[in-house]
Amino acid sequence: MRVNFLMHRTSMNKRFPEYKGLDLAKVNKDILKLWDENDAFRKSVRDLDGKGEFVFYEGPPSANGIPGIHHVMARTIKDAICRYKTQCGYEVKRKAGWDTHGLPIELGVEKALGITKEDIGTKISIIDFNKACKKDVMKYTDQWEDLTRMMGYWVNMDHPYITYDNRYIETLWWLLKQLHSKGVLYKDYTIQPYSPAAGSGLSSHELNLPGCYRDVKDTTCVALFKVVRDARSEFLFRHTDTNDVHIMAWTTTPWTLPSNTALAVGKEIHYLKVRSFNPYSGEPITAVIAKDLLHSMFPEANVGLHFSEYKPGDKKIPYKVLEEFPGINLEGISYEQLIDWVRPDQGAFKVLTGDFVTTEDGTGIVHIAPTFGADDYKIAKQFGVPPMTLKRKDGSVGPMVDKKGFMVPITDLDDQFVKERVNIQTYTPYAGRPVKNEYDSSIAPDADTLDVDIAVMLKQSGKVFRIEKQVHSYPHCWRTDRPVLYYPLDAWFIRTTAFRERMIELNNTINWKPQSTGTGRFGKWLENLVDWNLSRSRFWGTPLPIWVTEDRKEEKCIGSASELKEEIEKSIKVGFMKKNPLEKFIPGDNSQENYEKFDLHRPFVDEIILVSQSGRKMFREPDLIDVWFDSGAMPYAQAHYPFENRENFAGMFPADFIAEGVDQTRGWFFTLHAIAVMISDSVAFRNIISNGLVLDRNGNKMSKRLGNAVDPFSTIEEHGSDPVRWYMLTNSQPWDNLKFDAAGIDEVKRKFFGTLYNTYSFFALYANIDNFRFAERDILVNMRPEIDRWIISLLNSLVKEVGECYENYDLTRAGRAIQDFVTENLSNWYVRLNRKRYWGGEYDQDKIAAYQTLFQCLETVSRLAAPIAPFYMDQLFLDLNATTGRHTDESVHLAVFPEYDPDLIDKDLEERMDIAQKISSMILGLRRKVSIKVRQPLAKIMIPLPDKNFRTKFEAVKDLVMAEVNVKEVEYIDDTSSILVKKIKPNFKTLGPRYGKLMKDLGNAIQVLTQAEITSFETSGKHLLMLNGQHVELTREDVEIISEDIPGWQVANDGRLTVALDVTVTDELKYEGIAREFVNRIQNIRKESGYDVTDKIRVQIENHKFVREAVKRHAGYIGSQTLATEVTLSDNPGTGSREVEIDEVLVKVHVGRVS
RNA sequence: AGUCCCGUAGCUCAGUUGGUUAGAGCGCUACACUGAUAAUGUAGAGGUCCCCGGUUCAACUCCGGGCGGGACUACCA
């Protein structure tokens, strides 16, 4: 069983803890307990050596949803960076926060209560509804806190910022007042997505819920708008024989045609005047269409048809292009109203020019219905063209379609208006009809739509050129399943466009990871910025703090609770209000109690009536603000700025670092940036990592519906959070999508943590046996053996690299570098080659150096990897230090990040070891080829010298290689030796630029050089060639010459290295081999017999002729390796002996413990 | 529809200013090794570097155009 490490730290039992196995889930729990006991997180939030603060902003999650595995991803990134900065000595405060307002919460409550929006205020009071929201929003707080704790995300949850808190709202109001006083907060009438079936506007978020955009088949038509002949349009009537000229415009929503008040063309687009026939009536027509789209209406195949042969009803219709002109010529031309149901205000029916017009589809001319399209509304406003509006009986003025999605019934209209403007005869058949059949459940699904009837009506009056059904994607209300309508509504906006340039400028100073999200997705978004629609017609959210008089002439924006209190007092004085809801509020007292004496939410604020400058009543604008404003304002609001933290705000803003999913680009990232630029003319964050999605292992999006979502709790419970974190960060760069596969976690666990654990276990096992406590003075690195200096050099290189990666917010490379060092260099090479230094032998300087070196590597790795794997690394760090007292910190997270010593980095040494590894690997490969076991010693290897310095380099690592491959000697072969077969390769890098097109032939010519030519090239350093009549002079740099083969030997190549192996096994070598076989067999017997590693034994070997000589000669060696006090030959090894097989010979061996 | 990201071995990913044998790990097969042993080594099989064009002596790499996957944004008629 493992030693209870909590115990041993407090006891005097100074041993390195040894474990029976690696259970990272248990480590997770143990370390959590330890952190709690030591109050580790709180202690880690400190400023070391005046390093100052590293400001991190936590994006507030909404606690009304269950946390998913993707949250582990984002939080691992945040945590790793914050832990790293903490280790560097910075104070990293990390205030947690909760996003508590907004639509998802309201919808969740509606669902739970079984109500719809319309029921709020009737079936349930707003008070009760908001109460339910407030309660619901923290529904899963426990789960969030659990996950945060389990995964080891250090964030201060003691005093989180909560967006529904009155103090938080007060800051939001203050911010809004700043914007209001800058004149960038305004109300406007705009076209917004609206669900007639649900009776409410929809946010863009709702419109982007999965499945909202659906392909639907709608009737589309190309309408013919008759041009009014006047001076401006006269040019259209030239060179044609028809009395009328028509402009063609395509629409997918014919029901908007009665609301048409303008047409739009592109200034730069070229248009044609075409003479042809109306396909339905056969009447001759002259029509205007964009040049690029001519053939979509008039097939090219018909160009040769003769007008004289055309008969009405013919499928193929002749046409003739009469004239070409740019769109600008059409600007200002008037046309006759297409459908005369209602007459709009003066100034309608003009051709306008707009940038948004393209020639991708339709006719290159856009029908404009300002009441039903965003672009339409904008361009009409710009050119002063009136929208089609109707006056209702109640005096209100609105579009031709009512809020239920029906053409306004005549009975609903103002009588006077009907008399003056409405053509009762033509409008009556259509009045009161739904614009989409889905809005009227009494209509059969296959009944003709209003679109169809309008199209048919136009056809009968010769005003349409083409009618066809077309499939296009159209948004649907996710709640009612009915199509969305674009409808004009009132809304408050922030004029973000006024700050566009500055936002772009400041964005360029932000360090984005990955960069492309900053310049691409975010940058493009800023360039195409539109004003921020702040209004939400909902209930649970931050109310807009604006009061206006009924005639909207006077407006007041409230910026604080105390201001509100004062204004209410004034209102009470004039008798508009009886009581002040903020009566008990004490301005200046920032305590929670003081701010809980009132409520800034609806409906309480709605009941507040203020008094205007001129003494009239002012009512609050009923809207709430977009929740994204809540979260984007968190740098200010979490500090209750400027009511608190006024002086030290500079130390809290902007953030040095934030991290969230890339889906927040247009969300939190934008709102943070926008508000900071508008309020403080500053960035909100300096460095940012935006991570990609966490998909399932097949690359599909995780969803509860599909059941492929990974539960973070059980995942961490099963594996522990370290390997999950490690896997997530090292598998791929966080901004690439992660295909989450639990098999990957297992691999990380085995490969990295398993290896590291094994390495530690190995160390602990022998250190405990030898009683190594790092009590000795550090042995100077240059006094340690080559291999120790090598791993220390690599370790210092690693510290440098990992530090640079962390500094650069590149966690993936940092983790990969650490993993590579541990598995490849430390475990697989250093420990493997050094095992013999640890077991047996004297406790001498060499052994101490070995312990010190390995200790140093492990301890440094624990500090390097702690940001990513906080649990296991803390255990490792504590296990190492509790025993030795090298570091006295209570946790690795309180220890400083390692520094590297450039003097200890020896690139030559690293290169030498690389050579050693390669040569060893080649020799082992050769042994395998000729089937000679590594246990069988061999006499020698030969190495051709690839360059002058090679011999010196290899000599330094020779012993390591010889031991590793079990060979006794090395012989170097001089470069010019004739026994070598050489290979020559062209160096394209130097030759390419010089010889260009000749390169291909030259390459071939070089590769066919003979051995003699190569030798002469090598000695003279020059070679001349004739190629395609051109002289080519080659120098040594132009080619690479390697020794490829030594005829008659076993030879292997790797790049420039070549090695040959002498595979002759002499009798003497054979005896040695047999001796080694015995060592192996005896060790196995020891193990099987359950002896302790330190037990001494006695060995008797059967006096078999096959092994007799070997045992005689090497008894001492066998004994030393197996801790045998004596190794003897015996004719009868006695009872308890075992038979072992050596080279297919069976030999009896008796092993007995010395008691 | 637009913008951005991704596309390299069965899987997950590297691939450095373009340079000729495109790598690693996992998985698979075979053989070794063994007092770190739920490890390790060696070898084998496995690639049209998504496709097509262009630039170049030379393209996985640079450019253009497609295709496929994903995200975000979106009433362009």
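What you are looking at is a predicted structure, and each value in this text was computed from that prediction instead of being measured. Each chain gets a letter, A, B and so on, in the order its sequence line appears, and its residues count up from 1.
Using the Watson-Crick or G-U wobble rule with both distances under 3.5 Å, C60(B) pairs with nothing in any strand shown. Pair assignment for G68(B) gives C6(B), based on Watson-Crick or G-U wobble hydrogen-bonding distances that are each under 3.5 Å.
Look at CH2 on Trp829(A): it is 11 Å from P on G41(B), rounded to the nearest Å. Straight-line distance from the CG atom of Leu22(A) to the C1' atom of A36(B): 13 Å, rounded to whole Å. Arg750(A) has its CZ atom 9 Å from the C1' atom of A38(B), to the nearest Å. For the pair Trp512(A) CH2 and C72(B) P, the interatomic distance rounds to 15 Å; values are reported in whole Å. Rounding to whole angstrom units, CG of residue Leu526(A) and C1' of U3(B) are separated by 13 Å. Counting to the nearest Å, the P atom of A14(B) and the CD atom of Gln819(A) are 14 Å from each other. Protein atom NZ of Lys751(A) is 9 Å distant from nucleotide atom P of G27(B), rounded to whole Å. Between Ile769(A) atom CD1 and G35(B) atom C1' there is a gap of 10 Å when expressed in whole angstrom units.
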Which protein N or O atoms sit under 3.5 Å from an N or O of nucleotides 44-46 of chain B?
none

So which protein N/O to nucleotides 7-11 of chain B N/O distances come out below 3.5 Å?
none

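Judged purely by distance below 3.5 Å, without hydrogens or angles, the side chains of Tyr335(A) and Asn260(A) pair a donor atom with an acceptor atom.
Remark: Tyr757(A) engages no residue in a ring pair (Phe, Tyr, Trp, His ring centres under 6.0 Å) (not counting sequence neighbours).
C60(B) and U8(B): their P atoms are spaced 15 Å apart (whole Å). Between G66(B) and U3(B), the two P atoms lie 10 Å apart (nearest whole Å). With both ends at atom P, the span from C26(B) to G41(B) equals 8 Å, rounded to whole Å. Taking atom P in both C4(B) and C63(B), one finds a spacing of 13 Å when rounded to whole Å. The gap from the C1' atom of A59(B) to that of A30(B) amounts to 38 Å, rounded to the nearest Å. For A9(B) and C50(B), the P atoms lie 8 Å apart once the distance is rounded to whole Å. Taking atom C1' on both nucleotides, G64(B) is separated from G46(B) by 33 Å, rounded to a whole Å. Here the separation of G44(B) from U17(B), taken at their C1' atoms, is 37 Å to the nearest Å.
If you check every strand for non-hydrogen atoms under 4.0 Å, Ser761(A) touches nothing. When heavy atoms are screened at a 4.0 angstrom cut-off, Arg835(A) is found touching base atoms of the nucleic acid. At the heavy-atom level, Asn758(A) lies under 4.0 Å from base atoms of the strands shown.
Contact check, Asn828(A) against G41(B): a side-chain N or O comes under 4.0 Å of OP1 or OP2. Dashed line: the shortest gap from a side-chain N or O of Tyr838(A) to OP1 or OP2 of A36(B) is not under 4.0 Å.
Closest to the Ser732(A) side chain, of the nucleotides G25(B), C13(B), A36(B), is C13(B). Closest to the Arg1086(A) side chain, of the nucleotides A36(B), G35(B), U20(B), is G35(B).
In this structure, Tyr851(A) and Phe763(A) have perpendicular ring planes: the angle between them is above 60°, well past the 30° mark. Tyr19(A) and Tyr760(A) have tilted rings, their planes meeting at an angle from 30° to 60° on a 0 to 90° scale.
Place Phe988(A) and Arg1076(A) on RNA chain B by their nearest nucleotides, and Phe988(A) ends up nearer the 5' end. Nearest-nucleotide mapping onto RNA chain B: of Gln1083(A) and Gly667(A), the residue sitting toward the 5' end is Gln1083(A).
One can find a donor-acceptor pair under 3.5 Å joining the base of A36(B) and the side-chain atoms of Ser827(A).
For Phe372(A) and Trp255(A), the distance between ring centers is under 6.0 angstrom.
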Next item on the list: Please report the C-alpha distance between Thr759(A) and Tyr830(A) in whole Å, then the side-chain angles of each, then the deciding distance to 0.1 Å, and finally whether the side chain to side chain contact (heavy atoms under 4.5 Å, CB included) criterion is met.
Entry: CA-CA 10 Å; Thr759(A) 307; Tyr830(A) 180 78; over 6 Å; no

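At least one side-chain heavy atom of Leu765(A) sits less than 4.5 Å from a side-chain heavy atom of Glu18(A).
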